[in-house]
Amino acid sequence: MCGIKDIKSRQILDSRGIPTVETDIILNNGISARASVPSGKSTGQFEAFELRDKNSLYNGKSVLKAVNNINTVIAENLEGMNVFKQYEIDGLLRKLDGTQNKSKLGANAILSVSIACAKAAAKCCGAELFQYLGGVCAVNLPVPMMNIINGGVHSDNNLSIQEFMISPVGAETFSEALEMGVDVFYELKFLLAKKGYSTSVGDEGGFAPDLKSGEEAIEFILNAIANKGYIDKIFLCIDAAASEFYDNKSYKINIKRKNKVLTSEKLVDYYVNLVSEYPIISIEDGLADNDIEGWKYLTRKLSDKCQLVGDDLFVTNAKRLSYGIENNIANAVLIKPNQIGTLTEFIETIALAKDYGYNTIMSHRSGETEDNYIADFSIGLSCPQIKTGSLCRSERIAKYNQLLRIEEILGKSCHYCGYKAFNINFA
């Protein structure tokens, strides 16, 4: 039996120099595993609660309360449990917290323990994490959505849209997709520098030039794609993060070099025009998380032409996703483990999405660590797309590198999801 002997947690720093939680699970057979938790900057109001100390340490962002909760309450109650019983472990973690949003122990504390247990269980089996989670079905490599221009709260520029991404759906393998992405990334850097724009990067590794509009960002990216010969192989995705520019039932957004105030319907019409003019295949958080009527209108107008992703809208929560399904809202869900707090809960959300034909995208956060488990999750849980940032910064590259390793492990049995990752017409 792989029983839990000890649990040790500590405070570490994420990629932005902000404290986060890291936890070690030590089993009675000597096996140990470690997991750390990311943190978002652009967060949905319905996410599980991230416990922070709010004192003088690290400008109030220290996580020593969460760490202490792990080292005392959680450790005392999980000692001796069989690490293979993930459902029971996660159920006990939720019971110990006892709140709807995990505000007592902290979702950051709970998640680090939940994932560390899964990692330890995989080690007990002598398996990779993706194999432990998915078995013989874990052979599909996800299509990356690479964030190469940052806007919104992820940068200090004038772009309202938070992320401009490329997706190399036309690659034959994941390794080829990664190479294509790197080619475009450095061509974009050259083009920006040539025009005198800054090539410093934002939180997720994308460039953060002070461009005048989203359209200008798109044109730069399309020129980089064309220059490298990847037209019809690399498509565009955007994360609007519209909740960040939503105020008093209207949207304040920079369009064609002008700051405009739009209704939900006018913003949707703007997206419709973008999709008709540019090769955009995915729009994430196109409207605010509480603009339900706007989301319904967006889905009616674009669901057959474009992937519509709920992030702040669904926050990896099966109950919220169920509401979206019942009301025909969006057609894809972003999976961010720290939005919900336990492995079994986000597996439940993924299963629900698949049952109703919603695409699933495994995702990082803006404040990441070097831990690469989302790469294994994307394959083991059959998510055909992954977001893990740009093509620089080691906390982003760690996930891409893990996918390369998995591709090597799988060998000839490996399959790159490609165009099939998106249930849309590419014509």
Side-chain angles (χ1 to χ4, degrees), residues 142-152 154-155 157 159-171 177-178 180-189 191-192 202 204-209 211-242 253-256 267-268 270-286 298 301-309 311 330-332 334 359 361 363 384-391 417-427:
V143 176
M145 300 169 73
M146 300 155 163
N147 178 7
I148 58 174
I149 290 185
N150 288 182
H154 287 175
S155 70
N157 60 27
L159 299 177
S160 301
I161 291 174
Q162 186 166 277
E163 299 177 22
F164 297 84
M165 297 170 281
I166 54 173
S167 194
V169 295
L178 189 59
M180 291 166 66
V182 170
D183 283 348
V184 172
F185 179 74
Y186 281 103
E187 179 65 17
L188 176 61
K189 182 177 182 179
L191 293 176
L192 289 170
E204 297 182 359
F207 300 117
L211 301 174
K212 297 178 178 64
S213 69
E215 291 85 351
E216 188 177 10
I218 291 171
E219 294 290 350
F220 264 109
I221 294 172
L222 290 178
N223 286 335
I225 291 171
N227 289 354
K228 301 307 292 186
Y230 295 135
I231 293 175
D232 295 330
K233 289 188 175 181
I234 294 180
F235 290 79
L236 306 185
C237 307
I238 61 174
D239 174 7
I253 183 173
N254 182 336
I255 296 177
K256 294 184 178 180
L267 181 58
V268 170
Y270 169 63
Y271 293 141
V272 170
N273 290 333
L274 281 183
V275 171
S276 66
E277 186 174 352
Y278 301 113
I280 296 172
I281 58 173
S282 181
I283 298 174
E284 179 184 330
D285 277 354
L298 174 64
K301 297 287 285 187
L302 275 180
S303 62
D304 60 335
K305 301 180 182 69
C306 187
Q307 179 173 263
L308 303 173
V309 187
D311 174 18
N331 57 21
L334 207 66
N359 284 342
I361 305 104
S363 180
Q385 301 167 50
I386 188 169
K387 284 182 64 176
T388 186
S390 192
L391 287 309
C417 290
Y419 292 99
K420 293 181 180 179
F422 297 81
N423 298 325
I424 58 172
N425 183 4
F426 282 85

Close side-chain approach of [X] and [Y], heavy atoms under 4.5 Å:
X: Ser390; Y: Asn150; result: no
X: Leu188; Y: Ile149; result: yes
X: Phe220; Y: Pro209; result: no
X: Val169; Y: Ile281; result: yes
X: Asp304; Y: Asn425; result: no

_Walk me through whether Leu178 and Met146 qualify under side-chain contact (heavy atoms from CB on, under 4.5 Å)._
CA-CA 9 Å; Leu178 189 59; Met146 300 155 163; 4.0 Å; yes

*Find the distance between OG (Ser213) and CD1 (Ile253) and round it off to the nearest 0.5 Å.*
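Those atoms lie 10.0 Å apart.
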
*Taking only Lys NZ, Arg NE, NH1 and NH2, and the carboxylate oxygens of Asp or Glu, determine whether Glu204 and Lys387 approach each other closer than 4.0 Å.*
no

*Measure across Leu267 and Gly286 and return the closest heavy-atom pair with its distance rounded to 0.1 Å.*
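Minimum heavy-atom separation between Leu267 and Gly286: CD2-O, 3.5 Å.
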
*Ignoring hydrogens and angles, tell me if any N or O in the side chain of Asp311 forms a donor-acceptor pair with the backbone of Asp285 under 3.5 Å.*
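Side chain of Asp311 to backbone of Asp285, a donor-acceptor pair under 3.5 Å: no, none is there.
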
*Do the side chain of Asn147 and the main chain of Gly205 share a donor and acceptor less than 3.5 angstrom apart?*
no

Side-chain donor-acceptor contacts of residues 225-236 below 3.5 Å, not counting sequence neighbours, with atom names and distances?
residue, atom, partner, partner atom, Å
Asn227, ND2, Glu187, OE2, 2.9
Asn227, ND2, Asn223, O, 3.4
Tyr230, OH, Asp183, OD2, 2.6

_Result of checking Val309, Ile238, Ile161 against Glu284 for side chain to side chain contact (heavy atoms under 4.5 Å, CB included)_ = Val309

*Where do Ile218 and Ile280 land on the side-chain contact (heavy atoms from CB on, under 4.5 Å) test, with the steps shown first?*
CA-CA 10 Å; Ile218 291 171; Ile280 296 172; 4.2 Å; yes

_Check against side-chain contact (heavy atoms from CB on, under 4.5 Å), Asn331 and Gln307_ = CA-CA 6 Å; Asn331 57 21; Gln307 179 173 263; 3.9 Å; yes

